[in-house]
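The structure appears below as structure tokens.
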Amino acid sequence: MCGRFTLFDQIKAIQKRFGINVSKLDEATPSFNIAPSQSVIAIINDGERNRLGQLRWGLIPFWAKDTKIGYKMINARAETITEKSSFKHAFIRRRCLIPANGFYEWKTVNGQKQPYLIQLKGEGLFGFAGLWEKWTDGEETIFSCAIITTEANEMMSDIHHRMPVIVKKEEEASWLDPNIQDPNTLKQFLLPIDSDEMKAYAVSADVNSAKNNHEGLLNSL
DNA sequence: CCAGACGTTGTT
DNA sequence: GTCTGG
DNA sequence: CCAGACGTTGTT
DNA sequence: GTCTGG
């Protein structure tokens, strides 16, 4: 699955990597420990072009009576995404990319949890496949998102049996294209990334607490 | 028809 | 055990 | 995801 | 809003 990740590159690097020309965001606070319920950066196509914006991680469907449900909806399973009423519509109409430099997964051995940091071997930045929603109760309006997960590839399966979907660079434009609405076409973008492209190593359990957020979390044990 | 849930993960 | 907070 | 709280009353 | 269960 995916419940914690990093994004420490500057906005300019993100814009360059994803080909964004227009952005309301000037700078991003580097984070080495982004947790659910926090604000994340996302790329959304507004019908004309791709834009950078901020979303709360933890999807709140527009029909929710309150925002608590967002604590649970941090991931969406790729395998069942077209069947779930909470995700179905967003999958067709409200897809996004969530830029990251890496993500954490916990490996459980004899009841003990060991966090690992997973990154791409090549270019640092990549985009998670995400869904977003707009929710309002008349007083406040919240834009929120979920990260799509799939089965682990060979390398990841040693650590955990699920992992986030990382959209292939050459498929990013199509993933964001609002004109593409065929579920079968869209599902083709949700395959596990190749093991060859990834690297992983154990990191300090300091990452367990979302209150910890410093560069040292990236260090190999 | 109405009522009630709407999610994923890991663990047992 | 379950929910909230980060 | 993991960590940490989990409650009401009355009084200041 | 939309789907599932009764």
Side-chain angles (χ1 to χ4, degrees), chain A residues 1-8 28-41 54-94 98 100-119 128-138 140-152 156-166 181 183 190 192 200 202-214 217-218 221:
Chain A
M1 73 166 317
C2 182
R4 223 66 87 70
F5 68 95
T6 66
L7 179 62
F8 43 80
T29 306
S31 181
F32 307 94
N33 200 359
I34 300 171
S37 82
Q38 294 178 354
S39 176
V40 304
I41 288 177
Q54 287 181 293
L55 301 170
R56 180 191 293 192
W57 183 11
L59 190 133
I60 304 166
F62 67 95
W63 43 258
K65 289 187 181 71
D66 60 62
T67 61
K68 290 177 193 167
I69 194 170
Y71 284 107
K72 305 177 193 173
M73 316 276 266
I74 66 171
N75 294 137
R77 286 178 69 94
E79 297 91 328
T80 56
I81 204 165
T82 55
E83 301 160 21
K84 303 293 183 180
S85 56
S86 297
F87 301 135
K88 213 175 193 173
H89 197 64
F91 180 56
I92 303 301
R93 303 265 182 183
R94 287 185 292 279
I98 298 166
N101 289 104
F103 63 95
Y104 298 101
E105 294 283 2
W106 280 259
K107 178 177 181 175
T108 304
V109 181
N110 300 327
Q112 298 291 309
K113 290 188 173 187
Q114 172 62 54
Y116 284 74
L117 175 60
I118 298 93
Q119 297 170 295
F128 291 126
L131 305 175
W132 66 275
E133 281 284 356
K134 177 184 178 179
W135 177 92
T136 185
D137 64 354
E140 62 174 339
T141 301
I142 297 172
F143 293 86
S144 61
C145 64
I147 292 173
I148 300 173
T149 62
T150 185
E151 61 183 345
M156 279 300 302
S157 64
D158 180 54
I159 299 170
H160 201 72
H161 69 106
R162 304 288 298 172
M163 67 178 199
V165 173
I166 295 171
Q181 301 187 348
L190 302 183
V203 294
S204 163
D206 287 354
V207 77
N208 290 11
S209 174
K211 289 176 181 171
N212 293 327
N213 192 342
H214 55 84
L217 297 179
L218 305 178
L221 272 195

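The figures here come from the full heavy-atom set of this structure, side chains too, leaving out hydrogens, waters and symmetry mates. Throughout, protein chains are lettered first and strands after them, A, B, ... in sequence-line order, and every chain is numbered starting at 1.
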Worksheet item: Within the structure, does a side-chain N or O atom of A/Ser86 lie under 4.0 Å from either OP1 or OP2 of B/dG7?
Response: yes

Item to complete: Output the single nucleotide from D/dC2, E/dG1, C/dT4 whose closest atom is nearest the side chain of A/Ser85.
Response: E/dG1

Worksheet item: For DNA chain D, what dot-bracket results from Watson-Crick or G-U pairs at under 3.5 Å, with [ ] for crossers and | for inter-strand partners?
Response: ||||||......

Worksheet item: Have A/Ser31 and A/Asn213 got a donor and an acceptor in their side chains that come within less than 3.5 Å?
Response: yes

Discussion item. With a 4.0 Å limit, can you tell me whether A/Lys68 has a side-chain N or O closer than that to the phosphate oxygens OP1/OP2 of C/dT4?
Written reply: yes

Discussion item. Under 4.0 Å from OP1 or OP2 of B/dT11: is there any side-chain N or O of A/Thr108 that close?
Written reply: yes

Discussion item. What is the separation between atom OH on A/Tyr71 and atom C1' on B/dG7, rounded to the nearest whole Å?
Written reply: 16 Å

Worksheet entry | A/Ile69 CD1 to C/dT2 C1', straight-line distance once rounded to whole Å | 16 Å

Worksheet item: Using the rule for Phe, Tyr, His and the six-membered ring of Trp, do A/Trp63 and B/dC6 stack at under 5.5 Å and under 30°?
Response: yes

Discussion item. Taking only side-chain N and O atoms of A/Lys211, does any of them lie within less than 4.0 angstrom of OP1 or OP2 on D/dA3?
Written reply: no

Fill in: D/dC2 phosphate, OP1 or OP2, under 4.0 Å from A/Lys113 side-chain N/O
yes

Practice prompt. Check every strand shown and say whether A/Pro61 touches a base, only sugar-phosphate, or nothing at a heavy-atom separation below 4.0 Å.
Written response: nothing

Discussion item. Need one value for A/Arg77: base, sugar-phosphate or nothing, where a base atom within 4.0 Å counts as base even if backbone is also close, heavy atoms only.
Written reply: sugar-phosphate

